[in-house]
2 protein chains.
Amino acid sequence: MNATVSRDFSHLRALLQSSKKVIPLRKHSFLFQEGMPANELYLILSGKVQVSKICPDGKEMCFRICGSGEIVGELTLFTNDPRYLLTAKVIEPGEAAVVNKTELEEQLLINPPLTLEYMRWMSKHVRRTQTKFRDLIMNGKKGALYSTLIRLCNSYGIPLEDGSIFIDVTLKHQDLANFCGTTRESVNRMLNALKQEGIISMKRGKITVHDLNYLKTEIQCEDCPPDICCIE
Amino acid sequence: MNATVSRDFSHLRALLQSSKKVIPLRKHSFLFQEGMPANELYLILSGKVQVSKICPDGKEMCFRICGSGEIVGELTLFTNDPRYLLTAKVIEPGEAAVVNKTELEEQLLINPPLTLEYMRWMSKHVRRTQTKFRDLIMNGKKGALYSTLIRLCNSYGIPLEDGSIFIDVTLKHQDLANFCGTTRESVNRMLNALKQEGIISMKRGKITVHDLNYLKTEIQCEDCPPDICCIE
DNA sequence: ACAATGCTGTGATGCTACTCACATTGTAAC
DNA sequence: GTTACAATGTGAGTAGCATCACAGCATTGT
């Protein structure tokens, strides 16, 4: 994942990294919250940040988990809207580089290679979202969960010797439910069913997927490349 | 809607319109289909085109309906993927301007105002998709349908004297179902319930919404601007 | 170590939405 | 107009999920 980011988006990353301002990410703190004035965006250097939308009725919808090398807060670029629409919560401590929004906008307009990278990145973003759409809506809640697990594998999976994939992110059942648009209880039941079948196992809150193919065939996965089929 | 497009995206539109090649859109024909080599994109001059993804099991997921002034096929820009991922079907005859993909890519890199417009457009795209996500996933199938109706009003609604909104697109129940990720029967039942309540009425396959507010409150609409809350 | 708190597991219950089946209505073609 | 076919309407049965309620564990802080 990070390899992909650095290969394809080296200019963008370099620019963001050149930022002098680095801030610590403290667990459970917010990088930004819905409604806050949006003047900057962030490059995650280490740690993990969860981006989600809080609904008026208290429900939460998770969109992304961002790790090292990923950009957060980009949605306010080139819009008139001066406020964040989403909330970014730190789920694993680390550091982030801070970039001024106006500065980046200016750079993007005069630096063709940078422009190209940014456009390429946005295109990918849109394609990712479309595949996710299909998964979350077309195959019921089971499809939504399986898809989320597959995407977690592609984004944060560490291959083990026996072919299993260890997902190196701590997610509560409630968090998974927020990704899938379902309930904690449903996630719990579905995960337990998968455990029974030996498809997955869990240890200290982290999931290992033993049979990724089972998940893929269940949701009629079309084997889109891992840089499309991931947690955005 | 079209007013918005021309105001915000005049450069982009002008470039696309300067294209010498114009093709007719014949009803039920395809502008492109999934898997076809993608070398060009299109500006709809008149008529309407529906963009959707066909799933392996025969189900269809609709993403957009594009009318005059809108750009179709943009997702292949700046990607290595030489093929269309979606299918564009003509649902109302008209004409489209054809633009070479490579040409547009080159233009985009050397023409800053154009670049700016394109990025702005992509940002909007992503934001639209995010709000749609919440609507389709968080409030059940009723939320999905109501959201689709609201978006249709914003994109293709014609205000009537009595405050009602006439949606000027002919959509079968099955098409609406494809937008919502539900079934024809469910759409039928929900629409009939809305008719009973006097919220909507139908005439020759087209819907008139009499009480848009009812739909909005039912899905906890946060009144996002119409250029975000629309059929993409 | 203990209490307090948060997370996970599980049954019971009811609503939501899908499926299947078929009737009715609308529409296009001849 | 008549016929054929497509689209809509509706009932019955069922699967899928949400909800509520509460018990068992695990983690954290003091």
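Values below: all heavy atoms of this structure, side chains included; hydrogens, waters and symmetry mates excluded. A quick note: this is a predicted structure, and the numbers were derived from the prediction, not measured.
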Visitor: Would you mind reading off the distance between B:I137 atom CD1 and C:dT16 atom C1', rounded to a whole angstrom?
Guide: 17 Å
Visitor: Which residues within residues 52-65 of chain A lie with some heavy atom under 4.0 Å of an atom in DNA chain D?
Guide: none
Visitor: Looking at A:M202 and A:L191, what are the two nearest heavy atoms and their distance?
Guide: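 Result for this residue pair: SD-CD1, 4.4 Å.
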Visitor: For DNA chain D, determine which residues of residues 188-206 of chain A have any heavy atom closer than 4.0 angstrom to one of its atoms, and list them numerically.
Guide: A:R189
Visitor: I'd like to check the salt bridge (charged side-chain N to carboxylate O under 4.0 Å, His left out) partners of B:D223; sequence neighbours left out, ordered by chain and number.
Guide: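 Per chain and number, B:D223 pairs via salt bridge (charged side-chain N to carboxylate O under 4.0 Å, His left out) with B:K216.
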Visitor: Scan residues 165-176 of chain B against DNA chain D and write down, sorted by residue number, each residue with any heavy atom closer than 4.0 Å; if none is found, say none.
Guide: B:K172, B:H173
Visitor: Can you tell me which residue pairs pass the salt bridge (charged side-chain N to carboxylate O under 4.0 Å, His left out) test with a partner in residues 140-159 of chain A, sequence neighbours excluded?
Guide: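 Listed once each, the pairs are A:D135-A:R151.
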Visitor: Reading DNA chain D 5' to 3', which nucleotide is the first, and which the last, to come under 4.0 Å of any heavy atom in chain B?
Guide: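 Reading along DNA chain D, I get D:dA7 to D:dA12.
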Visitor: Hey, can you pull the donor-acceptor pairs under 3.5 Å for the side chains in residues 35-49 of chain A, sequence neighbours left out?
Guide:
residue, atom, partner, partner atom, Å
A:E40, OE2, A:Y42, OH, 3.2
A:S46, OG, A:E95, N, 3.1
A:K48, NZ, A:E92, OE1, 3.3
A:K48, NZ, A:D168, O, 3.4

Visitor: Using 0.5 Å steps for rounding, measure from the OG atom of B:S201 to the CZ atom of B:F166.
Guide: 9.5 Å
Visitor: Would you please classify the geometry between the A:F32 ring and the A:Y84 ring as parallel, tilted or perpendicular, with 30° and 60° separating the classes?
Guide: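 Ring orientation, 0 to 90° scale: parallel.
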Visitor: Taking CD1 from A:I207 and P from C:dC7, how many angstroms apart are they, rounded to a whole number?
Guide: 16 Å
Visitor: Does a side-chain heavy-atom distance below 4.5 Å link B:F133 with A:L136?
Guide: yes
Visitor: Please name all residues satisfying salt bridge (charged side-chain N to carboxylate O under 4.0 Å, His left out) with A:E74, sequence neighbours left out, ordered by chain then number.
Guide: A:R64
Visitor: Bend across the helix from C:dA1-D:dT30 to C:dC30-D:dG1, to 10°, with axes taken over 5 pairs at each end?
Guide: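 The value is 50°.
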Visitor: Quick check for you: to the nearest 0.5 Å, what is the distance between B:C62 atom SG and B:L86 atom CG?
Guide: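 So the gap between those two atoms works out to 10.5 Å.
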Visitor: Could you work out, with side chain to side chain donor-acceptor pair (under 3.5 Å) as the rule, every residue matching B:T79, not counting sequence neighbours?
Guide: A:R127
Visitor: Less than 4.5 Å apart, any side-chain heavy atom of B:K206 and any of B:Y156?
Guide: no
Visitor: Which residues, if any, of residues 178-186 of chain B bring a heavy atom under 4.0 Å of DNA chain C?
Guide: B:G181, B:T182, B:T183, B:E185, B:S186
Visitor: Please, which pairs that meet salt bridge (charged side-chain N to carboxylate O under 4.0 Å, His left out) have at least one residue in residues 175-199 of chain B, sequence neighbours excluded?
Guide: none
Visitor: Indicate whether the side chain of B:Q174 and that of B:N178 have a donor and an acceptor atom separated by less than 3.5 Å.
Guide: yes
